[in-house]
> 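Input: one structure, supplied below.
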Amino acid sequence: MITNLKPGERLDDLQIKGYEIIQSPGRFCFGMDAVLLTSFAHVRAGEEALDLGTGTGILPLLLEAKNEGSRYVGLEIQEESADMARRSVRHNGLEKKVDIVTGDIKEAAAIFGPASFHVITTNPPYMIGNHGLKNDNEALYVARHEALVCLDDILRESAKILRPKGRFYMVHRPFRLPEIFAKMCSYRIEPKRMRFVYPYVDKEPNMVLIEGLKGGNPRMKAEPPLIVYEKNGDYTKELRGLYGV
């Protein structure tokens, strides 16, 4: 039985390898986008991966469970979230594989050094400035809006940190795709693979999964769409498989 839960926190089952994560409903809890990103990204045997803006550490935990990489690091600016992530790492006995670092994405290259990771993942804030509803909860607002970090910061630092031919994985909103692709190319992270996520087969996509290659040649593959729900509201067979149910 875990003994390091703080008031208001809960322990959630990740439904893979017996892993659990500490979360607080008063802060930002992970959603479907994190699960989909960790199924889209690949970390090969011996590779090291960095998650930018890791929150409570969901991406490093799921990536470690699904891949054969040697080391997973999460960078998080909010100390309360980083603390929860560290305690989740200890709870799952992953101290030798997963590290959580408190720090600013804008200073990531200075923190970790150039060409230090094979893979970078990020589930960044989707909203620009005051676009969308502003939440009075600062932790939630920072997670959802580009208040402390913007797309330029993420791509600039990723370009420095990635090794040559290193891979960049991101989940974002389709409405920002023109900006995303233009900025990826400007930082020489070539878009190589993309997959749209649709809530229903007859609705517009509300998420997009993107893979980029540092120094890659121009050529991108569009993968078949991922549909989340059947018409009756049940998860599709593929989505259930991604959740392990």
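Note that the structure is a prediction, hence the values are computed from the model and not measured.
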> Donor-acceptor pairs under 3.5 angstrom involving side-chain atoms of residues 219-229: please list them, not counting sequence neighbours.
{"unit_1": "E223", "atom_1": "OE1", "unit_2": "R193", "atom_2": "NH1", "d": "3.4"}
{"unit_1": "E223", "atom_1": "OE2", "unit_2": "R193", "atom_2": "NH1", "d": "2.9"}

> For the residue pair Y243 and Y235, categorise the inter-ring angle as parallel (less than 30°), tilted (30 to 60°) or perpendicular (more than 60°).
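Aromatic pair Y243/Y235 classed parallel.
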> Run the numbers on T236 and E230 for side chain to side chain donor-acceptor pair (under 3.5 Å), then give the verdict.
CA-CA 6 Å; T236 60; E230 303 283 5; 5.5 Å; no
> Taking atom types as modelled and ignoring hydrogens, do the side chains of Y19 and E64 form a donor-acceptor contact shorter than 3.5 angstrom?
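E64 and Y19 do have a side-chain donor-acceptor pair below 3.5 Å.
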> Quick one: salt bridge (charged side-chain N to carboxylate O under 4.0 Å, His left out) partners of E238, sequence neighbours excluded?
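In terms of salt bridge (charged side-chain N to carboxylate O under 4.0 Å, His left out), with neighbours along the sequence ignored, E238 is linked to R195.
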> What I want to check is whether the side chains of S81 and E76 have a donor and an acceptor closer together than 3.5 Å.
no
> In sequence, state the C-alpha distance, the side-chain angles, and the governing distance for E47 and R167, and then conclude on salt bridge (charged side-chain N to carboxylate O under 4.0 Å, His left out).
CA-CA 11 Å; E47 290 187 333; R167 302 183 306 286; 2.7 Å; yes
> Sequence neighbours left out, what pairs pass side chain to side chain donor-acceptor pair (under 3.5 Å) with at least one residue falling in residues 50-59?
D51-T54, D51-T121
> Could you tell me whether the side chain of E107 and the main chain of D104 form a donor-acceptor pair under 3.5 Å?
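Not confirmed, E107 side chain does not pair with D104 backbone.
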> Before giving the answer on salt bridge (charged side-chain N to carboxylate O under 4.0 Å, His left out), spell out for D202 and K231 the whole-Å C-alpha distance, their side-chain angles and the decisive distance to 0.1 Å.
CA-CA 9 Å; D202 57 349; K231 287 185 178 181; over 6 Å; no
> Using the ring-ring contact (aromatic ring centres under 6.0 Å, His included) criterion, which residues pair with F112? Sequence neighbours excluded.
F117
> Are V197 and P205 side-chain neighbours, meaning at least one heavy-atom pair lies under 4.5 Å?
no
> Are the side chain of K165 and the backbone N or O of G215 linked by a donor-acceptor pair below 3.5 Å?
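Indeed, once roles are kept as given, a pair shorter than 3.5 Å links the two residues.
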> I need the full list of salt bridge (Lys or Arg N to Asp or Glu O under 4.0 Å) pairs touching residues 10-24, with sequence neighbours left out, sorted by first then second residue.
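Passing the test, one end in residues 10-24: R10-D12.
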> Looking at residues at least two apart in the chain, or sitting in another chain, which of them share a side-chain contact (heavy atoms from CB on, under 4.5 Å) with K160?
A109, R156, E157
> Quick check: does any side chain N or O of N67 sit under 3.5 Å from a backbone N or O of L63, one acting as donor and the other as acceptor?
yes
> For a side-chain contact (heavy atoms from CB on, under 4.5 Å) with L75, tell me which candidate from T122, D99, V101 qualifies.
V101
> Does a side-chain heavy-atom distance below 4.5 Å link I77 with I105?
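SC-SC contact between I77 and I105 ruled out.
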> Keeping the roles fixed (side chain from N92, backbone from S88), state whether a donor-acceptor pair exists under 3.5 Å.
yes
> Is the shortest heavy-atom distance from the side chain of Y198 to the side chain of N206 under 4.5 Å?
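They are not in side-chain contact.
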> Do any N or O atoms from the side chain of K214 and from the backbone of P164 form a donor-acceptor pair under 3.5 angstrom?
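No.
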> Taking C-beta and beyond as the side chain, do V208 and R173 meet within less than 4.5 Å on heavy atoms?
no
> Ignoring hydrogens and angles, tell me if any N or O in the side chain of H118 forms a donor-acceptor pair with the backbone of G166 under 3.5 Å.
no
> State plainly whether one hydrophobic cluster holds both L213 and L50, where clusters connect Ile, Leu, Val, Met, Phe, Trp and Tyr through side-chain heavy atoms under 4.5 angstrom apart.
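Hydrophobic grouping puts L213 apart from L50.
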> A side-chain contact here means heavy atoms from C-beta on lying under 4.5 Å apart; do I161 and P114 qualify?
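I161 vs P114: side chains apart.
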> Under the 3.5 angstrom rule, does the side chain of S186 hit a backbone N or O of K183 as a donor-acceptor pair?
yes
> R87 and salt bridge (charged side-chain N to carboxylate O under 4.0 Å, His left out): which partner among E95, E80, E9?
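Single pass found, and it is E9.
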> For the backbone of F30 and the side chain of Q23, can you confirm whether one donor and one acceptor N or O come within less than 3.5 Å of each other?
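Side chain of Q23 to backbone of F30: a pair is present.
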